[in-house]
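Okay, structure first, notes after.
We count residues from 1, following the sequence as given. Treat the numbers as computed from the prediction; the structure is a model and nothing was measured.
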Amino acid sequence: MFNEPLDVFTDISGFGEIVLIDGVEIRAIFDRESAPDTAFGLTLGNADPQLIVKDSDVPSDTVNAVVVARGVAYSVASVSFDGTGMSVIQLKVQKHDSRPY
């Protein structure tokens, strides 16, 4: 954990922006960079977006939360605590059921 204030990383006057996690406003960095995803000996590109947030801002039931960032609703694929006081929340675009009722 760093001793420096972590709010500077998610400050909306810099890199940060406001997102909603289950309706609660959270300051986060929205990152849509492509990253390598290695599994079973294959390396594939992963372009799913992610959020970088302070650990203290991560709700307790984030895995089942709905995240809204830049007007798009996402579900949470995973939450990784990086040991520095920041967490990475991997997102997936929510699939809408197009079947008629």
Side-chain angles (χ1 to χ4, degrees):
M1 182 101 140
F2 293 117
N3 290 328
E4 302 299 322
L6 298 174
D7 289 330
V8 69
F9 296 112
T10 57
D11 190 326
I12 60 173
S13 67
F15 300 112
E17 59 189 84
I18 301 294
V19 300
L20 298 174
I21 299 179
D22 269 350
V24 177
E25 289 188 352
I26 304 290
R27 292 185 331 172
I29 297 171
F30 181 82
D31 183 13
R32 196 175 195 133
E33 299 282 331
S34 179
D37 189 1
T38 303
F40 305 108
L42 301 172
T43 300
L44 305 170
N46 177 2
D48 287 332
Q50 61 188 17
L51 296 177
I52 302 169
V53 300
K54 293 187 330 182
D55 287 350
S56 60
D57 289 342
V58 176
S60 59
D61 191 21
T62 303
V63 173
N64 296 310
V66 173
V67 176
V68 178
R70 299 184 181 179
V72 178
Y74 297 95
S75 57
V76 175
S78 66
V79 180
S80 300
F81 299 94
D82 70 4
T84 67
M86 301 295 281
S87 295
V88 176
I89 301 173
Q90 188 70 46
L91 304 174
K92 296 186 294 188
V93 174
Q94 287 190 333
K95 304 279 187 212
H96 295 288
D97 189 356
S98 60
R99 292 178 292 175
Y101 293 97

request  = Measure the spacing between CG of Leu6 and CG of Asp55 and express it to the nearest 0.5 Å.
outcome  = 8.0 Å
query = Which pairs pass side chain to side chain donor-acceptor pair (under 3.5 Å) with one or both residues in residues 65-79, sequence neighbours excluded?
reply = Glu17-Arg70
Name the atoms and distances for all side-chain donor-acceptor pairs under 3.5 Å in residues 20-30, with sequence neighbours left out.
| residue | atom | partner | partner atom | Å |
| --- | --- | --- | --- | --- |
| Asp22 | OD1 | Val66 | N | 2.9 |
| Arg27 | NH2 | Asp7 | O | 3.4 |
| Arg27 | NH2 | Asp7 | OD1 | 3.3 |

query = So which heavy atom on Met86 is nearest to which on Ile52, and how close?
reply = CE-CG2, 3.9 Å
query = Val19 and Ala69: which non-hydrogen atoms are nearest, and at how many Å?
reply = CG1-CB, 3.8 Å
request  = Any chance you could measure Asp48, atom CG, to Lys92, atom NZ, to the nearest 0.5 Å?
outcome  = 8.5 Å
request  = Could you state whether Ile18 and Phe9 fall into the same hydrophobic cluster, counting links through intermediate Ile, Leu, Val, Met, Phe, Trp or Tyr residues with side-chain heavy atoms under 4.5 angstrom apart?
outcome  = no
request  = Treating Ile, Leu, Val, Met, Phe, Trp and Tyr as nodes and any side-chain heavy-atom pair under 4.5 angstrom as an edge, say whether Phe15 and Val8 lie in one connected cluster.
outcome  = yes
message = Thr62 and side-chain contact (heavy atoms from CB on, under 4.5 Å): which single residue from Val67, Val53, Val79, Asp57 fits?
response = Val79
query = Is there a path of hydrophobic side-chain contacts, each under 4.5 Å between heavy atoms of I, L, V, M, F, W or Y residues, that connects Val63 with Val68?
reply = no
